[in-house]
Amino acid sequence: MSTVSEKRNIEDHKRRLLATKFELKRKLYKSLYRDVNLPTEVREKYLCKLARLPRNSSFTRLRNRCIFTGRSRAVYEKFRMSRIVFRSLANQGMLMGVKKASW
Amino acid sequence: GGLRTFFATIVTTGLTEARAKIFGHVLNLTGQRSPHKILRKKLIDDKVAGWYPYDIKKDDPLVMARQEQERLSKLEILKRRGKGPPKKGQGRRAAKRSK
């Protein structure tokens with residue numbers, strides 16, 4: 001039931017949940033650190049706070065994977081699936097409004 | 001009224017100041033690094049969390065139990081044939097590494 005790709009999907013999902021949980025705090029700390037008008041100690045304090053947040057709550061650690069196969073490359077954000085699955089479903093007609101282009 | 005103060009601010013300080021006062025813009029005349037640039041972006045946590053769709057099979061414990069049973073029986077069949085997963089340290093990669 002759980003293949004290697006499924007495991008990666010589960011991990012990615014966990015990271016997404018963490019990122020949503022800490023996003024607000026993270027933004028706040030980062031913006032306070034970047035403020036030039038604050039004294040240096042305050043800025044340092046916020047930098048430490050930012051560094052202490054869990055690593056998996058960063059948005060840069062997320063990867064848009066295919067929801068069907070778990071492929072990490074060639075995933076279209078609009079359809080949330082990889083190019084292979086997209087092609088198979090589109091040929092079956094399961095994607096609304098998608099047909100083969102010819103002009 | 002509001003329009004009178006608007007014109008008054010235009011005359012005294014300038015059009016940009018007046019516009020910022022009405023709409024609540026944050027002005028940065030010197031162009032220094034400002035935290036406002038980070039704070040003005042929209043929050044994306046809903047979109048991010050909603051990437052993977054929820055599997056409704058998870059709500060039904062019977063279906064989950066049946067799937068688990070199928071997985072275990074498949075594993076058993078393979079083991080009976082002698083095709084199950086090898087013991088730790090016996091696989092191809094591990095053997096290559098130990099050699």
Side-chain angles (χ1 to χ4, degrees), chain A residues 1-38 40 42-43 46-47 50 56-72 75-82 85, chain B residues 17 20 24-80 83-86 88 90-94 97:
Chain A
M1 197 169 98
S2 58
T3 56
V4 178
S5 55
E6 293 253 357
K7 189 174 87 154
R8 298 253 192 278
N9 272 19
I10 293 167
E11 285 176 4
D12 193 54
H13 188 59
K14 271 197 224 162
R15 283 195 194 111
R16 279 175 192 268
L17 295 176
L18 267 182
T20 52
K21 193 170 148 200
F22 285 101
E23 185 209 7
L24 195 67
K25 262 195 193 174
R26 208 182 182 87
K27 256 186 126 119
L28 204 70
Y29 291 159
K30 186 173 177 188
S31 61
L32 283 165
Y33 163 62
R34 288 278 180 91
D35 191 1
V36 204
N37 300 327
L38 289 175
T40 336
V42 180
R43 287 176 74 185
Y46 281 113
L47 182 59
L50 187 65
N56 276 341
S57 64
S58 163
F59 285 120
T60 52
R61 282 197 160 213
L62 304 175
R63 182 84 194 187
N64 286 345
R65 288 186 170 262
C66 170
I67 54 177
F68 294 98
T69 51
R71 195 156 200 265
S72 63
V75 179
Y76 288 99
E77 204 168 312
K78 206 168 194 174
F79 300 98
R80 293 194 247 164
M81 54 174 102
S82 72
V85 185
Chain B
E17 313 280 317
H25 293 162
V26 171
L27 291 175
N28 189 357
L29 304 164
T30 51
Q32 278 186 326
R33 286 193 177 190
S34 164
H36 184 67
K37 183 175 163 184
I38 302 172
L39 291 171
R40 73 183 173 203
K41 282 197 159 172
K42 296 199 189 98
L43 295 175
I44 54 167
D45 49 356
D46 301 322
K47 278 207 214 163
V48 159
W51 178 263
Y52 296 104
Y54 180 64
D55 191 13
I56 47 168
K57 285 195 233 165
K58 286 198 192 144
D59 287 334
D60 192 358
L62 294 174
V63 169
M64 293 309 283
R66 196 184 316 148
Q67 269 191 327
E68 188 65 28
Q69 231 5 306
E70 283 174 16
R71 184 184 77 94
L72 291 170
S73 48
K74 196 190 236 188
L75 206 65
E76 223 171 298
I77 293 169
L78 287 172
K79 272 197 196 157
R80 220 182 305 140
K83 303 268 182 183
K88 199 164 166 95
Q90 305 281 358
R92 267 179 65 224
R93 268 180 88 192
R97 197 158 42 158

**Q** Out of curiosity, Q32(B) CD to D35(A) CG, how far, rounded to the nearest 0.5 Å?
**A**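 Interatomic distance, Q32(B) CD to D35(A) CG, rounded to 0.5 Å: 9.5 Å.
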
**Q** More than 12 foreign heavy atoms under 6.0 Å from OH of Y29(A): is that the case here?
**A**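 Counting other residues, nucleotides and ligands, OH of Y29(A) exceeds 12 neighbours.
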
**Q** Can you tell me how far the CG atom of L28(A) sits from the CG atom of L39(B), to the nearest 0.5 Å?
**A**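 Spacing of CG (L28(A)) from CG (L39(B)) equals 7.0 Å.
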
**Q** I need the residue from R65(A), K21(A), K30(A), R15(A) with the largest number of non-hydrogen atom pairs under 4.5 Å to chain B.
**A**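 Most heavy-atom pairs under 4.5 Å with chain B: R65(A).
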
**Q** Relative to chain B, which of N64(A), N37(A), I67(A), N9(A) shows the most heavy atom pairs under 4.5 Å?
**A**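 Heavy-atom pairs under 4.5 Å are most numerous for N64(A).
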
**Q** Between D45(B) and E23(A), which heavy-atom pair has the shortest distance, and what is it?
**A** CB-OE1, 3.3 Å

**Q** Would you say that more than 12 heavy atoms from the other residues, nucleotides or ligands in this model lie under 6.0 Å from the CG of L75(B), or not?
**A** yes

**Q** Spell out, as yes or no, whether a donor-acceptor pair under 3.5 Å connects the side chain of W51(B) to the backbone of H13(A).
**A**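 Pair absent, no side-chain N/O of W51(B) close to backbone of H13(A).
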
**Q** Atom CG of residue position L72(B) - does it have more than 12 heavy atoms of other residues, nucleotides or ligands inside 6.0 Å?
**A** yes

**Q** Taking only residues two or more places apart in sequence, or in another chain, which ones meet R16(A) in a salt bridge (charged side-chain N to carboxylate O under 4.0 Å, His left out)?
**A**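 Scan of R16(A) (salt bridge (charged side-chain N to carboxylate O under 4.0 Å, His left out), adjacent residues dropped) gives D12(A).
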
**Q** Can you pull the salt bridge (charged side-chain N to carboxylate O under 4.0 Å, His left out) pairs that have at least one residue in residues 29-44 of chain B, sequence neighbours excluded?
**A**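 Counting only pairs at least two positions apart or across chains, no salt bridge (charged side-chain N to carboxylate O under 4.0 Å, His left out) contact touches residues 29-44 of chain B.
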
**Q** Where on Y33(A) is there a heavy atom nearer than 4.5 Å to chain B: the side chain, the backbone, both, or neither?
**A** neither

